[in-house]
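Down below is the structure, laid out as structure tokens.
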Amino acid sequence: MDDASKYYKGTFLQLVVVTFSAITLSVISAISSGANLIVISTYFTLFAFLFLMFFLISILILSIANVKVKKEYGKGYVYGAVLHGFMLLFPFAILLLISDVFLKWNAFQTIVATSIITSASYSASNLIKLGGNRTANSTLTLILGAVFMVIFILIASSGYFK
């Protein structure tokens, strides 16, 4: 498992890709939700903050739930596994960019909601590969992903800022 464990350390490039993906998802979602620059800026700030909180809370909860992984590999592996899982935001950001900007489809809520659940679930999968509890990781990330997905959809469809 030592060779595979090196894969989950988390690199600066991965952090850049995850940040770029979250910003792309936030920008396109904000533009699709807002009507003027002030509203778009407000939505962008909310969506970017939501992605940041989702990432940080995922690290916190999975760090608490994976004491065995932290003892065996070190604290950085939980962060790396979550970061690696959040790398799945990138294909969704590209998909959203193509569908919304080029094809003019209005599917941002579906794509972003799916990216939230998928990235959380893949983070759990990475921790399970490192020896984490399958049931706890799967349940926690499903609940966490569902909560953030619902929050995103409520904000995006609220019309409060329009």
Side-chain angles (χ1 to χ4, degrees), residues 4 6-62 76-130 132 137-162:
K6 293 177 184 174
Y7 187 64
Y8 299 110
K9 281 188 177 178
T11 65
F12 179 73
L13 182 60
Q14 288 177 331
L15 185 61
V16 169
V17 170
V18 169
T19 303
F20 168 78
S21 303
I23 288 172
T24 301
L25 291 168
S26 297
V27 165
I28 295 173
S29 297
I31 291 170
S32 297
S33 298
N36 60 41
L37 189 57
I38 294 171
V39 173
I40 291 171
S41 299
T42 304
Y43 273 117
F44 170 74
T45 303
L46 284 171
F47 294 147
F49 181 74
L50 184 68
F51 273 111
L52 177 63
M53 287 297 98
F54 179 47
F55 181 70
L56 294 176
I57 291 172
S58 295
I59 292 171
L60 176 68
I61 288 176
L62 291 174
Y77 281 93
V78 174
Y79 162 77
V82 173
L83 184 62
H84 188 259
F86 274 64
M87 288 283 293
L88 277 179
L89 290 177
F90 184 73
F92 285 102
I94 299 302
L95 177 67
L96 183 59
L97 190 64
I98 291 169
S99 67
D100 200 71
V101 174
F102 298 115
L103 299 175
K104 304 293 183 200
W105 295 348
N106 189 12
F108 78 95
Q109 288 180 352
T110 305
I111 293 171
V112 174
T114 305
S115 73
I116 290 170
I117 289 289
T118 305
S119 60
S121 298
Y122 196 59
S123 297
S125 169
N126 292 331
L127 287 165
I128 291 167
K129 289 177 189 174
L130 289 172
N137 283 315
S138 300
T139 305
L140 288 171
T141 55
L142 180 64
I143 292 169
L144 184 65
V147 166
F148 275 91
M149 180 185 67
V150 167
I151 292 170
F152 171 80
I153 291 172
L154 287 173
I155 292 170
S157 62
S158 69
Y160 181 74
F161 299 105
K162 291 183 180 181

Who passes ring-ring contact (aromatic ring centres under 6.0 Å, His included) against Phe51, sequence neighbours left out?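 Partners of Phe51 under the ring-ring contact (aromatic ring centres under 6.0 Å, His included) test: none.
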Determine whether Phe54 and Leu144 make a side-chain contact, defined as any pair of heavy atoms from C-beta on separated by less than 4.5 Å.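 Yes, their side chains come closer than 4.5 Å.
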Pairwise side-chain contact, Tyr122 with Val82, heavy-atom cut-off 4.5 Å (strictly under):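 Tyr122 vs Val82: side chains apart.
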Hey, is the main chain of [Y] close enough, under 3.5 Å, to the side chain of [X] for a donor-acceptor pair?
X: Thr141; Y: Ser138; result: yes
X: Ser158; Y: Ile155; result: yes
X: Asn126; Y: Ala81; result: yes
X: Ser33; Y: Ala30; result: no

Of the non-hydrogen atoms in [X] and [Y], which two are nearest, and what is the gap between them?
X: Ile28; Y: Val101; result: CD1-CG2, 4.5 Å
X: Ala35; Y: Val39; result: N-CG1, 4.0 Å
X: Ala113; Y: Ile153; result: CB-CD1, 4.1 Å
X: Ala120; Y: Gly145; result: CB-CA, 4.4 Å
X: Gly10; Y: Leu83; result: CA-CD2, 3.8 Å
X: Leu50; Y: Phe148; result: CD1-CD2, 3.4 Å

Can you tell me how far the [atom1] atom of [X] sits from the [atom2] atom of [Y], to the nearest 0.5 Å?
X: Ile111; Y: Thr118; atom1: CD1; atom2: OG1; value: 11.5 Å
X: Ser119; Y: His84; atom1: OG; atom2: NE2; value: 12.5 Å
X: Met53; Y: Leu60; atom1: CE; atom2: CG; value: 10.5 Å
X: Asn137; Y: Leu130; atom1: CG; atom2: CG; value: 10.0 Å
X: Ser123; Y: Tyr79; atom1: OG; atom2: OH; value: 11.5 Å
X: Met149; Y: Ile117; atom1: CE; atom2: CD1; value: 4.5 Å

Evaluate Leu52 against Phe47 for side chain to side chain contact (heavy atoms under 4.5 Å, CB included), listing each step before the verdict. CA-CA 9 Å; Leu52 177 63; Phe47 294 147; over 6 Å; no
Going by atom type alone, with no hydrogens or angles, which donor-acceptor pairs under 3.5 Å involve a side-chain atom of residues 85-94 and a protein atom two or more places apart or on another chain?
none

Tell me the side-chain hydrogen bond (donor to acceptor under 3.5 Å, both in side chains) pairs involving residues 105-116, sequence neighbours left out?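 Passing the test, one end in residues 105-116: no pairs.
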Checking Ser29 against Phe44 for the side chain to side chain contact (heavy atoms under 4.5 Å, CB included) test, could you report, in this order, the C-alpha distance in whole Å, the side-chain angles of both residues, the deciding distance, and whether it holds? CA-CA 7 Å; Ser29 297; Phe44 170 74; over 6 Å; no
Do Leu96 and Ser99 pass the side chain to side chain contact (heavy atoms under 4.5 Å, CB included) test, and can you show the C-alpha distance, the side-chain angles, and the key distance before you say yes or no? CA-CA 5 Å; Leu96 183 59; Ser99 67; 4.2 Å; yes
Counting only heavy atoms from other residues, nucleotides and ligands, does the tally under 6.0 Å from CG of Leu103 exceed 12?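 More than 12 heavy atoms, drawn from other residues, nucleotides or ligands, come within 6.0 Å of this atom.
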